[in-house]
Amino acid sequence: QVQLVESGGGLVQAGGSLRLSCAASGRTFSTYVMGWFRQAPGKEREFVAAISWGSSGSTLYADSVKGRFTISRDNAKNTVVLQMNSLKPEDTAVYYCAAGAIFAVATSTYGYWGQGTQVTVSS
């Protein structure tokens with residue numbers, strides 16, 4: 001199984017940027033679809049972005065973040081990164097890294113989760 005640990009969260013002003021990283025254990029990291037999800041207080045966990053396994057690195061983004069966020073992976077370093085630009089107060093949430101076998105947006109398709117990192121965007 002893969003173990004995931006997120007880092008890079010913090011407080012940033014609207015319009016600023018943050019870079020979240022997810023460190024994964026194991027030697028099979030490259031075989032997993034990797035995704036980022038977020039959950040704000042009182043709201044359901046929602047899909048943010050995903051990147052497929054393989055050399056092509058196909059990506060998928062939620063409409064709310066497309067054009068502002070970029071997901072990437074470095075299989076050699078067993079990491080996946082979410083670069084967040086032009087941040088808005090509505091981006092405030094706990095961000096979770098996840099790993100799964102299916103390139104999809106549903107939370108149920110991801111079997112491994114990190115503990116989350118807080119992102120707060122101020123006005």
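The analysis underlying the following values was restricted to heavy atoms, covering all of them including side chains, and did not include hydrogens, waters or symmetry mates. Throughout, numbering of the chain's residues begins at 1 and tracks the sequence. The structure displayed is predicted, hence computed values, not measured ones.
With sequence neighbours left out, Ala40 forms a side chain to side chain contact (heavy atoms under 4.5 Å, CB included) with Lys43, Ala93. For Ser72, the side chain to side chain contact (heavy atoms under 4.5 Å, CB included) partners two or more places apart in sequence, or in a different chain, are Val81. In terms of the side chain to side chain contact (heavy atoms under 4.5 Å, CB included) criterion, residue partners of Ser7 (sequence neighbours excluded) are, by chain and number, Ser21. The ring pair (Phe, Tyr, Trp, His ring centres under 6.0 Å) search around Tyr110 returns Phe37, not counting sequence neighbours. For Thr109, there are no side chain to side chain donor-acceptor pair (under 3.5 Å) partners two or more places apart in sequence or in a different chain. The ring pair (Phe, Tyr, Trp, His ring centres under 6.0 Å) test applied to Tyr112 returns Tyr32, not counting sequence neighbours. Not counting sequence neighbours, the partners of Ala14 by the side chain to side chain contact (heavy atoms under 4.5 Å, CB included) test are Pro89, Val121.
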Step-by-step side-chain contact (heavy atoms from CB on, under 4.5 Å) determination, Gln115 to Val5 | CA-CA 7 Å; Gln115 65 181 21; Val5 180; 5.6 Å; no
Can you list the steps and then say if Thr92 with Val119 is a side-chain contact (heavy atoms from CB on, under 4.5 Å)?
-> CA-CA 5 Å; Thr92 296; Val119 171; 5.9 Å; no
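Residue pairs satisfying the ring-ring contact (aromatic ring centres under 6.0 Å, His included) criterion with at least one member in residues 72-104, sequence neighbours excluded, are absent. Sequence neighbours left out, the pairs with a member in residues 72-92 that pass salt bridge (charged side-chain N to carboxylate O under 4.0 Å, His left out) are Arg38-Asp91, Arg68-Asp91. Among pairs with a residue in residues 109-123, none fulfils salt bridge (charged side-chain N to carboxylate O under 4.0 Å, His left out), at least two apart in sequence or across chains. The stretch residues 102-123 participates, sequence neighbours left out, in no salt bridge (charged side-chain N to carboxylate O under 4.0 Å, His left out) pair at all. Applying the salt bridge (charged side-chain N to carboxylate O under 4.0 Å, His left out) test to pairs two or more places apart or on separate chains, none has a residue in residues 105-123.
The distance from the CD atom of Gln39 to the OG1 atom of Thr107 is 9.5 Å, given to the nearest 0.5 Å. A distance of 8.5 Å separates CD in Gln83 from CG in Leu20, rounded to the nearest 0.5 Å. Atoms CE and CH2, on Met84 and Trp36 in that order, are 8.0 Å from each other to the nearest 0.5 Å. For the atom pair Ser52 OG and Ile71 CD1, the distance stands at 9.5 Å (nearest 0.5 Å).
A donor-acceptor pair is defined here as one N or O able to donate and one able to accept, closer than 3.5 Å; such a pair exists between the side chain of Ser25 and the backbone of Gln3. Judged by distance alone, with hydrogens and angles left aside, the side-chain atoms of Glu6 form a donor-acceptor pair with the main-chain N or O of Gly116 at under 3.5 Å.
Residues Asn85 and Ser17 approach most closely at OD1-OG, 2.9 Å, considering heavy atoms.
Val48 has its side chain within reach of Leu82: a pair of non-hydrogen atoms, C-beta onward, lies under 4.5 Å apart.
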